[in-house]
Number of protein chains: 2
Amino acid sequence: MNKISKAVVTRLPRYYRYLDELRQQNVERISSKELSKLMNVTASQIRQDLNNFGGFGQQGYGYNVQYLYDEIGKLLGLDVKHKMIIVGAGNLGQAIANYGNFRNRGFEIAALFDKNPDLIGKKTAHGQILDIADIYDYVKKHNVEIVALTLPKGPAKRIAQKLVECGVKAFWNFAHTDLSFSDDIIVENVHLSESLMKLTYRISEKNDSKE
Amino acid sequence: MNKISKAVVTRLPRYYRYLDELRQQNVERISSKELSKLMNVTASQIRQDLNNFGGFGQQGYGYNVQYLYDEIGKLLGLDVKHKMIIVGAGNLGQAIANYGNFRNRGFEIAALFDKNPDLIGKKTAHGQILDIADIYDYVKKHNVEIVALTLPKGPAKRIAQKLVECGVKAFWNFAHTDLSFSDDIIVENVHLSESLMKLTYRISEKNDSKE
DNA sequence: TAGATTGTTAATCGATTAACAATC
DNA sequence: TAGATTGTTAATCGATTAACAATC
C-alpha cells in the first residue's frame, strides 16, 4: 500500500463522524456527490481519498453507509482495544478520562497518574489516580499502548523520555512542547494554545481588513 | 496584503513558541538556517512564511529574536485583550479556564456558564460559574469576543446559533460537530476524538506493515 | 438496456524547496 | 571589502479538481 498523505488521514475521522450520523439516521446508501454536499468538500476528493484504501463503493450505486463506516473504523484502528493511561490528573486529564464515548470506541482508560498527594488514591469514573512515582513499574507490568500527557511541558518531556525507555510507543501530547523521539515512536500533538492563536489571528485579520 | 494560506497561519504559533523560548534564553539574533534546524523545517519555508507579512529580517544578520517574537505576536492578535466566556463548566471547560498562561497572553476569561445547578454559583480561579439561562443577556451586555464551547454537540449547536443572533463573532469549538454559519463568523475547531483517531490510525498502520 | 456513479487518469492548482541576486 | 544571510524568483513537488471510461 502506498504511503497515505497526512491530509487524507486527517480527513478520515471526519468521514467517520458523518457516516456515523447517517448510519444512526438509518441511511443505507450514499453517493460521493451527496456526501460532498453534506460535508462541504468535493465529490472528487472523497472518491480519491477512499480509493487510497481500495474500492469501497459500487458503480451506479454509491457507498453502503454501514459498510463504509465499518471499513473506515478498521482503518482508524477502532476495531481493536487500546489501553491508555493519562499522566497528569488535572482538569484536562480528568476531562479526557471522563469522556464517555472513548470507551464505546474501544479505548480503555487504565489509570491516571499524578504527583499531587491530594489527588493520589482518588477514584474517578474511569480508573483510580495513582502516584506518578509508580508509573514506570506500571507500564512495564501492564500492556499500555497510549500515554496521554496532560501535564506541564517540563515534566512532560522528562517523563515521556523515561516512558520511551520503558517501551511506550505512542503519546497523545497536550503539553506545549514538541517531543522528538526516533521514528518508531508516534506522537500526536494537541496544542490548545496554538489553536486559540489561530482563532485570534483570524479575528485580527478580519479587523484589519475593515479599517 | 495577499490572502495568507491556512498552512502558514498554522505554523505562526509554532514560530512564536520557539521564539519565546529563545527570547527567554536571552538569544538575541537567529538566522533562518539555525531556526530551521531547531524546528525541523526548511530555512526556505521560514523565510517564505515570514515574507508573507513583510521583511522582518536583515541580510547578513538574520532575525532579531525579540523583534520577530513581538511582530508575530501582533499578527496573532496577542497585543490586544480578548474577552472570552466558556460554555460548559465541566472538566474541559474548567481546564481551559484555569490554564494560567492565557491571562498572560491577553485572554480574559470573563465567565463560565453551565446548566448544572450544582455548578452554578461556584467560584473558579477565573470567573464565576453562571446559569446558562442568563448567557444571552450576558453577551448582549458585555463585550464578549470569543465563546469557547465545551459542552455536548446537541446543546452546543443550539446555543451557538442563538449566540450568533446575539452578535457573537468567534467560537472556539470543542463539541464533536461542525458549526456552519455565514463567512463572517469565525469557528476554530478542536476535535479531540479526531486527534486520537489519527493516533490510532498511525498505530494500526505501523502494526499492519510489520505483518 | 439506460442511467447512475464509481475508480482512475489527466489537468490544474497551490505549497514547498532550491537558487541566487540584493544588501547589510 | 568580504562574508553572511535575507528577500524573492524560479523549479519542483504534492494535493486537489476535473474528466471520463468502466461497470454496476
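Quick note on labels: first sequence line is chain A, next is B, and so on, each numbered from 1.
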Engineer: Atom CG of A:Asn51 and atom P of C:dG7: how far apart are they, to the nearest Å?
Structural biologist: 5 Å

Engineer: Looking at the side chain of B:Ser31, which of D:dG7, C:dT8, D:dT5 is the nearest nucleotide?
Structural biologist: D:dT5

Engineer: Among B:Ile96, B:Val190, B:Asn173, B:Val87, which residue satisfies the side chain to side chain contact (heavy atoms under 4.5 Å, CB included) criterion with B:Thr150?
Structural biologist: B:Ile96

Engineer: Considering only C:dT16, D:dT16, D:dT23, which nucleotide approaches the side chain of B:Ala7 most closely?
Structural biologist: C:dT16

Engineer: Measure from CD on A:Glu34 to C1' on C:dA4 and round the result to the nearest Å.
Structural biologist: 11 Å

Engineer: It should be established whether B:Tyr63 places a side-chain nitrogen or oxygen under 4.0 Å from OP1 or OP2 of nucleotide D:dG7.
Structural biologist: yes

Engineer: Toward the 5' end of DNA chain D, which comes first, A:Gln59 or A:Ser5, by nearest nucleotide?
Structural biologist: A:Ser5

Engineer: According to a 3.5 Å limit on both distances, what stems of 3 or more consecutive Watson-Crick or G-U pairs are formed with DNA chain D?
Structural biologist: C:3-24 with D:3-24

Engineer: Can you sort out which residues in residues 41-50 of chain A have a heavy atom within less than 4.0 Å of DNA chain D? Ascending by number, please.
Structural biologist: A:Thr42, A:Ser44, A:Gln45, A:Arg47, A:Gln48

Engineer: Give a yes or no on whether a salt bridge exists between B:Lys74 and B:Asp79, defined as a side-chain N under 4.0 angstrom from a carboxylate O.
Structural biologist: no

Engineer: Could you give the distance from CG (B:Leu163) to CD1 (B:Ile85), rounded to the nearest 0.5 Å?
Structural biologist: 6.0 Å

Engineer: Does NZ or CZ of B:Arg29 fall inside the cone over B:Tyr61's six-membered ring, less than 6.0 Å from its centre and within 45° of the axis?
Structural biologist: yes

Engineer: Could you state the atom-to-atom distance from NZ of B:Lys3 to C1' of C:dA15 in whole Å?
Structural biologist: 15 Å

Engineer: Does B:Ile30 or A:Arg11 map to a spot on DNA chain D nearer the 5' end, using the closest nucleotide for each?
Structural biologist: B:Ile30

Engineer: Using whole Å, what does the distance between atom P of nucleotide D:dG3 and atom NZ of B:Lys33 come to?
Structural biologist: 15 Å

